[in-house]
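Both backbone and side-chain heavy atoms feed into the values below; hydrogens, waters and symmetry mates do not. Each chain gets a letter, A, B and so on, in the order the sequences are listed, and its residues count up from 1.
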Amino acid sequence: MEERRYRSASGGPIALRALQHSASCRELAVRCPRLQLRSLSAVTSAVWLAAYGLFVLSQNSMVLSAAIFITLIGLIIYLHFVKIDQESLLVIGSLGIQVTSSYASGKESTTFIEMGRVKDVVINEAIHMQKVIYYLCILLQDPGDPQGVSEIVPLFQSSKPRLDCLIEVYRSCQEILEQRKMAPQSN
Amino acid sequence: MVLKVFFPSCCSSAESGILVGRWLSEQSSAVILAVVHFPFIPVQVKQYLSEVQRVTKVSVSVLGSWSNSKQEKEENLSKFLEDLGTIFSHEPWIQISKEGDSKFWSCSTLQKHSNSPKEEEVILIYYDQRKVMLSHLHPPLDTATSTDHEADDASKLSAIFHTVAKSKILFMTDRYDDGPIKLTHWQSDGAEASIIVELMKQASVPACMLLTFLLSLVSRICRSRVLKFWPLSFLWSKLSTCEQLGHRLQHLQVISSNKKAQTQTQLMRKANIFVSLLIDVALGILLMSWLYRKNRIGRLADTLIPVADHVAEELQDLLQWLMGAPAGLKMNRALDQVLGRFFLYHIHLWISYIHLMSPFIEMILWYVGLSACLGLTVALCILSDIIALLTFHIYCFYVYGARLYCLKIYGLSSLWRLFRGKKWNVLRQRVDSCSYDLDQLFIGTLLFTILLFLLPTTALYYLVFTLLRLLVVIVQGLIHLLVDLIDSLPLYSILLRLCRSYRLAAGVKFRVLEQQDGKPLRLLMQINPLSYGSVVQTYRLPTYSCYPKDSWISLCKKLFLGELIYPWKHKGEKQD
């Protein structure tokens with residue numbers, strides 16, 4: 001259960017943890033940088049300075065209480081809906097792939113994709129803002145067309161690891177995906 | 001392929017016995033439904049299982065053996081269990097054994113006719129039987145469009161949910177039954193039921209019949225010939241209250257029908273309609289009690305006439321402003337005075353009618369307010385209708401202004417064509433060149449000039465009244481949007497998602513439990529509930545939606561040409 005350090009596409013530090021639970025089950029978790037106290041206090045002081053400035057202009061104390069309220073609500077919304085702490089991939093051979101994102105407030109959002117729907121796991125390129133980045137994605141099988149792809153599910157969208165980390169994850173996934181091609185019994 | 005065993009967590013502490021369930025060979029999975037305890041007679045077990053199979057249409061069979069040994073004994077027990085494999089021939093024969101209170105069980109398979117002698121990997125997946133049985137799996141929206149048969153094959157999870165859900169009869173035998181078979185499953189301690197629910201079920205049948213009878217009476221009255229005469233039928237079609245009442249009547253008919261709901265969707269729809277009606281009526285009664293306390297409705301009626309007077313005065317001021325030099329524009333004095341005096345007289349007539357009705361307003365409003373007990377949506381529709389009636393003169397002004405402007409625009413465009421020597425060919429629906437006589441050209445140019453110079457006056461009147469009409473339409477539209485929202489929100493589904501989230505499943509999630517080397521992989525399967533957005537989207541109740549039928553561009557075009565706009569179209573009306 002070792003943690004390897006890598007960098008994300010924007011330069012922030014991320015950590016990859018690879019766990020092998022059994023021969024056909026692996027868990028790969030990427031941990032994003034935590035919420036910095038610096039940026040939190042900077043935003044809070046900016047909001048309160050602006051509110052105090054408005055208070056001096058308008059002499060209405062509702063502005064101050066509204067600013068406190070807005071800061072609290074904004075922080076709660078940010079922690080619960082925006083800030084992702086950890087993204088993990090659980091690959092269980094012959095069952096499926098499970099993608100979990102855990103938010104800073106403890107909420108976890110999970111998606112499970114059955115192995116029958118998974119065509120392949122590939123590293124793809126995309127244009128994101130002003131950069132071209134690599135990202136890992138799951139290709140889903142089109143039920144009507146055996147060669148076609150019906151949907152692409154991108155992984156690690158919030159942490160955006162660089163190519164070296166993605167190659168590690170890719171290798172782990174492919175080792176398990178190959179097992180299903182190797183042992184098709186008479187079904 | 002890896003062997004997957006779905007084991008119910010309620011059987012973890014069961015006594016030794018044999019495992020009963022369904023084997024899905026294409027996925028190499030065994031779904032264990034119950035444990036049959038010793039002593040039993042194999043023939044009776046087989047008979048019982050074939051009966052269960054006949055009723056549920058799920059192929060239930062004996063899959064293996066389960067041994068829960070408290071001490072380190074049972075060498076002969078393991079031999080005995082292996083021999084059982086020969087009696088209930090099943091390929092592969094699964095043997096699960098638990099020692100003492102250990103969390104880590106050992107699971108092995110016996111293959112008699114296997115070609116590969118190597119040990120295949122086993123994954124042990126625990127699931128909560130009660131939750132999986134009660135839950136309804138919602139397929140992702142893209143696979144929902146494919147045929148059912150394909151969807152069943154493609155989704156292995158739905159096969160598991162289907163197996164557990166259909167085996168209700170297996171879960172009916174509990175340990176207090178005196179049969180030859182002793183089972184352990186989630187309900188083996190006895191089924192739980194609530195007295196209130198049972199009483200309500202018994203009471204619902206006569207209540208439904210009574211409601212159906214009353215509703216048939218009401219609908220027969222509504223459909224009678226008396227109400228179909230021309231002025232009345234026109235009135236009913238224009239009032240939105242009647243639409244809403246008809247909609248609610250339809251809902252009541254759906255709820256009070258005697259047929260039991262066949263599918264999950266129908267059941268949820270009935271429940272949603274019932275809860276929506278209940279909340280609507282409760283809110284309506286709350287509103288009514290608020291209105292009638294301290295005679296607020298009397299005060300409302302008293303302020304209604306002054307408000308109508310005030311609106312009329314504001315309109316008169318507006319017309320006086322238009323008759324002068326509005327915004328510095330110079331109007332044609334004669335036309336201005338004619339139009340202004342015409343509209344002023346109209347307002348004067350309207351005010352006289354309102355004053356004539358003023359002694360009756362309070363009584364009418366008092367009785368109309370009583371109908372708020374039929375629901376908040378009905379009260380809102382009545383409000384929208386009252387607004388429409390009070391601003392009827394604005395609607396009239398808009399129609400006059402629009403017709404005048406429309407005539408002017410058509411005249412202008414036709415005479416402009418004459419000015420250029422062209423003509424509109426009605427047969428070919430295109431513009432053709434035409435040679436006019438001199439006197440035709442002369443009169444045409446004169447008329448064109450007159451119409452052109454009178455255009456600003458008419459256009460200004462048209463603009464002002466169109467803006468007023470649009471304001472009223474926007475206010476009515478907002479009220480209707482609110483009514484639509486209350487009508488279509490699936491409250492029961494949202495409450496279910498809040499309180500019993502396992503009933504609406506979007507999928508499953510797996511959690512890896514503690515592992516030990518040499519023992520099979522242990523996973524816990526939990527239900528992943530549907531998100532609130534998908535709940536609302538899936539279970540939304542259909543309404544007589546009144547969305548604007550024009551896109552923005554066609555709306556602007558109609559406004560420019562002076563065509564009358566009817567922004568709200570109801571689903572039942574014929575499209576012209």
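- Other residues, nucleotides and ligands contribute more than 12 heavy atoms inside 6.0 Å of the CG atom of A:Leu72.
- We find the CD-CZ distance between B:Gln526 and A:Phe112 to be 13.0 Å, quoted to the nearest 0.5 Å.
- Applying the side chain to side chain contact (heavy atoms under 4.5 Å, CB included) test between A:His21 and each of B:Leu523, B:Ile123, B:Leu513, B:Leu521 identifies B:Leu521 as the sole match.
- For B:Lys166, the NZ atom is loosely surrounded, since the number of other residues' heavy atoms within 6.0 Å does not exceed 12.
- One N or O on the side chain of B:Asn528 and one on the backbone of A:Thr110 form a donor-acceptor pair closer than 3.5 Å.
- Residue-level contacts of residues 494-511 of chain B with chain A, in order of numbering, are B:Val508, B:Lys509, B:Phe510; threshold 4.5 Å between heavy atoms.
- Under a cut-off of 6.0 angstrom, the local environment of OH in B:Tyr532 is crowded, with over 12 non-hydrogen atoms contributed by other residues, nucleotides or ligands.
- No side-chain N or O of A:Ser22 forms a donor-acceptor pair with one of B:Gln515 less than 3.5 Å apart.
- Within 6.0 Å of NZ on A:Lys107 lie more than 12 heavy atoms contributed by other residues, nucleotides or ligands.
- Residues of residues 80-106 of chain A placed with any heavy atom under 4.5 Å of a heavy atom in chain B are listed by number as A:Leu90, A:Ile92, A:Gly93, A:Ser94, A:Leu95, A:Gln98.
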